[in-house]
Amino acid sequence: LEDRVTALDFSPDGRLLASGGGVAARNGELKIWNVATGKLVREVIAAHSDTVFCVRFSPDGKTLASGAADKCLKTFDVDTGTFVRTFEGHTHHVLGVAWSADGRRLYASGATFETVHTFAFADGFLSSPVDFPLRPEAETGIPVGLATDAKGGLYVAEGWGQRVDKLKADSGKLVWSVTLATTPPG
């Protein structure tokens, strides 16, 4: 690894581990490792032009999505490392990525957005609804982590807001929100 590891994700079958990182303002690296042996299986050369902050295998394990400080969300074929598509729409770092359970949508969060973008994987375009707002305008926060569940839930970890939100992935409607403790107990 050239500089640092900033993102990890296991393939759905648990055999592979993807890592993302890189040197700030110089390169974003993606590597895929064999979990059983610890050996490097594949390296995606010049995956991004800046540090990779998030990686996520598709539900079928065939595609790897990555987001980086270069403002890009990209996908790559896991077997070959071949670039598949860039998803545009971010104006700053892409910090979180998640797939819908059926693999047809990608969700991405960025450093200046207080929303989550929704992309159709098949064509790479923003899909409807395009953005899911996360909080009232009076609050601030950056959505830094995303996850989905098999029942259509989209979970958003917010860095500054110290909050986790569960949204309906098809509509962006808030299901629940949990504020984490901001001071240690006692």
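Along the sequence shown, residues are numbered consecutively beginning with 1. As the structure is a computational prediction, the values presented were derived from the model and not from experiment.
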Legend entry - side-chain contact (heavy atoms from CB on, under 4.5 Å) assessment of K62 paired with D79: CA-CA 7 Å; K62 294 179 180 179; D79 289 337; 5.7 Å; no
Inset, instruction - Run the numbers on T51 and F53 for side-chain contact (heavy atoms from CB on, under 4.5 Å), then give the verdict. - result: CA-CA 6 Å; T51 305; F53 287 124; 4.1 Å; yes
Rounded distance (nearest 0.5 Å) linking atom [atom1] of [X] with atom [atom2] of [Y]:
X	Y	atom1	atom2	answer
R56	F10	CZ	CZ	12.0 Å
H93	C72	NE2	SG	12.0 Å
D50	R26	CG	CZ	10.5 Å
I32	S11	CD1	OG	9.0 Å
L167	K173	CG	NZ	11.5 Å

Inset, instruction - Examine R42 relative to F76 and say whether NZ or CZ is less than 6.0 Å from the centre of the six-membered ring and inside a 45° cone about the ring axis. - result: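 Judged by the rule (NZ or CZ under 6.0 Å from the ring centre, within 45° of its axis), R42 is not positioned above F76.
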What are the two closest non-hydrogen atoms of [X] and [Y], and how far apart are they?
X	Y	result
A120	F87	O-CE2, 3.7 Å
P59	S100	CG-O, 3.3 Å
N27	V23	OD1-N, 2.9 Å
V52	E29	CG2-O, 3.7 Å
S19	V5	CB-CG1, 4.3 Å
G153	A169	C-CB, 4.5 Å

Evaluate the side-chain proximity of [Y] to [X]: yes if any heavy-atom separation is below 4.5 Å, no if none is.
X	Y	value
D77	T63	no
V175	K168	yes
R85	K74	no
D9	L17	no
S177	K166	no
D60	F57	no
Y155	D165	no
F83	V44	no

Inset, instruction - Using distance alone, with no hydrogens and no angle criterion, decide if T179 and R163 have a side-chain donor and acceptor under 3.5 Å apart. - result: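 No pair is found: no donor N or O on one side chain lies under 3.5 Å from an acceptor on the other.
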Legend entry - Distance-only side-chain donor-acceptor flag, W99 / T148, under 3.5 Å: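 There is no such pair between these side chains.
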Inset, instruction - With L64 as reference, evaluate V84, T75, L16, V78 under the side-chain contact (heavy atoms from CB on, under 4.5 Å) test and give the passing residue. - result: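 In the set V84, T75, L16, V78, the residue that makes a side-chain contact (heavy atoms from CB on, under 4.5 Å) with L64 is V78.
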Legend entry - Test applied, side-chain contact (heavy atoms from CB on, under 4.5 Å); reference residue, S66; option that passes from V55, V97, V94: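 Of the listed residues V55, V97, V94, the side-chain contact (heavy atoms from CB on, under 4.5 Å) partner of S66 is V55.
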Legend entry - Between H117 and Y107, ring centroids under 6.0 Å: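 Centroid distance H117-Y107: not below 6.0 Å, so no.
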Legend entry - Check: S49 main-chain N/O paired with D70 side-chain donor or acceptor under 3.5 Å: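 Such a contact is found between D70 side chain and S49 backbone.
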Inset, instruction - May I ask whether F121 and L73 are part of the same hydrophobic cluster, defined by side-chain heavy atoms of I, L, V, M, F, W, Y residues being less than 4.5 angstrom apart, directly or through others? - result: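 F121 and L73: one cluster.
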Legend entry - Pair K151 + D149: basic N to acidic O under 4.0 Å: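 D149 and K151: not salt-bridged.
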